[in-house]
Amino acid sequence: MSLHQEIRRRVEAAVVAALGPEHAQGESLLQPSRDPRFGDFQCNAALPAAKALGSKPRDLALKIVEKLDLAGLCAAPEIAGPGFVNLRIEDRALASALMATHGDPRCGVAPRSAPQRVVVDYSSPNLAKDLHVGTFRTTVIGDSIARTLEFLGHTVLRQNHYGDWGTNFGTLVAVLKREFGPDLAALERLDLPQIEALYTQGSSLRKDDPAFARDAAEEALKLQQGEPSSRAAWRRLMDVTLANCAEIYQRLDVTMKPEHDRPESSYNADLSVVLDDLQRLGLLTTSEGAKVVFVDGFVNREGEPLPAIVQKADGGYNYTTTDLAAMRHRVRNLRADRIVIVTDRGQSLHFEMMAAVARKAGWLPESTVFTHVGYGVIQREIEEDGKKKKVRFKTRAGGTVKIRELLAEGVERCEKIALEKNAELAPSERTEIALRLTVAGLKYTDLKQRPDTDYVFDWDQMLAVQGDTGVYLLYAYVRIRSVFEKAGADAASKVLLGELRFTHPAERELALHLAKCEDVFSEYERELAATPLCRYAYDLATLFNRFYHDCPILKAEEEGVRAARLELSYLAAERLRLVLGLLGIRTVERM
RNA sequence: GCGCCGGUAGCUCAGUUGGAUAGAGCGUCUGCCUCCGGAGCAGAAGGUCGUGGGUUCGAAUCCCGCCCGGCGCACCA
């Protein structure tokens, strides 16, 4: 049990004894103090209780303190202000709690006692195209959620629910047939850039040529119906595009693998079942030629009921149908306790309606939690008529920005910086490190902000060597590793490098922060936002840098102090690596 | 029009199941390299938390109104 939890248990017992169990709940029971002068933790339970009990908060605080037994953990509690109870952890307790986690790859964070089966649906790249920034956020955010929930002990079922179906592919197949005729042998030689060019051609044809638009819709339908020549063309497109996708995932350090593929097409056979069930349940109505479900509470701009369309007037299914089939599959077959879908914020209404339909149809029981993580758009700042404007992130020509190109530019920039800062790196190592720094910069920038907000893409800010950036975090880690290298210490040591002791405030502050590692995860499971994790990592790096600056480690005057500082550095490095790993950021040994 | 999200330092953002003097980065200004990686550290200046009410011992946080911005609202996903 962590130090924080142990203290919490004792404070809870005291508050229950002094005020009753109804006053021993929530955040006010125990929280970290924001100012070191108020100790390390504080219990604020007396304040809200005073209102309910009609007594003075200070009197209640006194009662709590009388019942409080923190022997061996904290110094004598102090009552301050209107009735805060301030607690200060004893150095010995802090030191031994930390040392107990030495060598633990989990850094003392216990797995959840009631693990869940959690489906995390993310990435879902636009196939037939190279991966572009549009898929960047879902991939990075979703991957971090998957990693973190998995770390907490949940069974994570990654699902790559990419769109290999529908109008987009109908369009492509229609173009292919138009270009190459019925003989699709020529397809074998097509590479991704060529496929992309054809797709662009198809999109504009669809806008300008009604006959082609009809062909495209028809091909989409044929795919769903399994027409052989359409399917053959489709298969080829998939092979090229998936190979490309795997390569980008690998470079981006993403844990989504081919075995997590669960594309839209895999629900093909379930779509009619979805329709039949809705019919049988009496939820289905026909409106303007389409088969729809009306759910209370959703209205269109005229104030009329807004339907969820599950079968288009032309007989084709759409993404609501597929999402419903997916929902059904995830609950019935995957036995999910929780379903998380990561897409852009603009789809919120769709998922709200879809989930409402799924609830009504009984596919999504009350016991299953559904969370749509909706994220904002990546923007670029441009100047127009002398005014600064934010627009969706596109190339100057107006095209989509490819992740491949993003990585290439990042590597180029990082190599230049690395060359300035550390000329000793061999070129091949420098390139490898540049990629890691780029990925760290891209991911950290994205994750440190709450997902639902928009942000402006800015290389200089993202790869800045100072400030709250991925590079700063990796630098802190590299510094520690460098100390270890000089010390000749085993970086993966199973035995303590020294007994922790605190001879300088910077040591204790760092130690306290390290001991709070577990705390960041309680909020995480609720919000599914990595922002607090990023904050924790940044504070850790800053506190380490301060300690490093103020306290000589290898040159410490006394052997015991030297060993203690080495141990503290070890514990810091382990936690930094752990948290960065949950963000999808791999550490480097040199930079 | 309805719905969702947002408005916090010059800029970019944390903090929002109510708690002590509202935090960080960038930028600006000022210090610190005979010392383990200065890609670092320390300090200063900078705030009517959009606005007006309300609840409370206590509000950036909860409730109501209003203003501004973004997004969504029938067969694309």
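The sequence lines fix the lettering, A, B, ..., with proteins before strands; numbering per chain opens at 1.
Across B/A45 and B/G3, the matching P atoms stand 45 Å from one another, rounded to whole Å. The same atom, C1', is picked in B/U12 and in B/U55; the two are 34 Å apart, to the nearest Å. A distance of about 10 Å separates the P atoms of B/G15 and B/G7, rounded to the whole Å. Look at the C1' atom in both B/C32 and B/G70: the space between them is 45 Å, to the nearest Å. Separating the C1' atom of B/U17 from that of B/A60 is a span of 15 Å, rounded to the nearest Å. Distance noted for atom C1' between B/G38 and B/C5: 42 Å (whole Å). Taking atom P in both B/A24 and B/A9, the straight-line distance is 15 Å, to the nearest Å. Distance noted for atom C1' between B/C73 and B/C13: 30 Å (whole Å).
Note on A/Lys390: a side-chain N or O is less than 4.0 Å away from OP1 or OP2 of B/U12. Checking the phosphate oxygens (OP1, OP2) of B/G37, a side-chain nitrogen or oxygen of A/Lys486 falls inside 4.0 Å. Residue A/Gln449 places at least one side-chain N or O closer than 4.0 Å to OP1 or OP2 of B/C13. The side chain of A/Arg546 places an N or O atom within less than 4.0 Å of a non-bridging phosphate oxygen (OP1 or OP2) of B/A42. Side-chain N/O atoms of A/Asn318 include none lying less than 4.0 angstrom from OP1 or OP2 on B/C75. Taking side-chain N and O atoms only, A/Tyr475 has no distance below 4.0 Å to OP1 or OP2 of B/G40. Residue A/Lys421 has a polar side-chain atom (N or O) positioned under 4.0 Å from OP1 or OP2 of B/A39.
Contacts of A/Ala80 with the nucleic acid, taken as non-hydrogen atoms under 4.0 Å apart, include base atoms. Nucleic acid contact for A/Gln347: base, since at least one base atom lies under 4.0 Å from a heavy atom of the residue. The residue A/Pro532 sits apart from the nucleic acid: no heavy atom pair falls under 4.0 Å. A/Leu349 comes within 4.0 angstrom of the backbone, heavy atoms only, and of no base. Residue A/Asp314 is out of contact with every strand shown, counting any heavy-atom pair closer than 4.0 Å. Among the protein residues, A/Arg34 comes within range of the sugar-phosphate backbone only, with heavy atoms under 4.0 Å from sugar or phosphate atoms but none that close to a base. Residue A/Asn300 is in base contact, counting any heavy-atom pair closer than 4.0 Å across all strands shown. Here A/Ser348 lies out of heavy-atom contact (under 4.0 Å) with every strand.
Remark: ring of A/Tyr472 does not overlap the six-membered base ring of B/A39 in a stacked fashion, as centroids less than 5.5 Å apart with planes less than 30° apart are not both met. Using a 5.5 Å limit on the distance between ring centres and a 30° limit on the angle between planes, the aromatic ring of A/Phe38 counts as stacked on the six-membered base ring of B/A20.
A salt bridge links A/Lys448 with A/Asp468: the closest approach of a Lys/Arg side-chain nitrogen to an acidic carboxylate oxygen falls below 4.0 angstrom.
In this model, a side-chain donor or acceptor of A/Asn86 finds a partner on the base of B/A20 within 3.5 Å. In terms of polar N and O atoms assigned as donor or acceptor, the side chain of A/Tyr319 comes within less than 3.5 Å of the base of B/A77 in a complementary pairing. In this model, a side-chain donor or acceptor of A/Ser287 finds a partner on the base of B/A74 within 3.5 Å. Scanning atom types as modelled, one donor and one acceptor separated by under 3.5 angstrom connect the side chain of A/Gln42 and the base of B/A20. In the interface, the side chain of A/Arg450 is not paired with the base of B/U16 through any donor and acceptor atom under 3.5 Å apart.
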- Under the side-chain hydrogen bond (donor to acceptor under 3.5 Å, both in side chains) rule, what do A/Thr503 and A/Glu507 come out as? Steps first, then yes or no, please. CA-CA 7 Å; A/Thr503 55; A/Glu507 296 170 310; 3.0 Å; yes

- Item | Derivation of the side-chain contact (heavy atoms from CB on, under 4.5 Å) call for A/Thr138 and A/Thr343 | CA-CA 6 Å; A/Thr138 167; A/Thr343 74; 5.8 Å; no

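Classification of the A/Tyr538-A/Tyr472 ring pair by plane angle, with boundaries at 30° and 60°, yields tilted. Between A/Phe370 and A/Phe351, the two ring planes are tilted [angle within 30° to 60°].
With a 6.0 Å radius and a threshold of 12 heavy atoms from other residues, nucleotides or ligands, A/Glu78 has its CD atom at or below the threshold. Within 6.0 Å of CD on A/Glu527 lie more than 12 heavy atoms contributed by other residues, nucleotides or ligands. In the displayed structure, A/Glu412 atom CD is contacted under 6.0 Å by at most 12 heavy atoms of other residues, nucleotides or ligands. A 6.0 Å sphere centred on CG of A/Asp296 holds no more than 12 heavy atoms belonging to other residues, nucleotides or ligands.
Taking 90° from 0 as the syn/anti boundary, the base of B/C13 is oriented anti.
Residue whose closest nucleotide on RNA chain B sits further toward the 5' end, between A/Glu523 and A/Gly346: A/Glu523.
Closest approach to the A/Tyr548 side chain among B/U12, B/G37, B/A74 is made by B/G37 (side chain taken as heavy atoms from C-beta onward).
Every stem involving RNA chain B, taken as at least 3 paired positions in a row under the Watson-Crick or G-U wobble test at 3.5 Å, is listed here: B:1-7 with B:67-73, B:10-13 with B:23-26, B:28-32 with B:40-44, B:50-54 with B:62-66.
Closest approach of A/Leu497 and A/Ala563 over heavy atoms only: O-CB, 3.4 Å.
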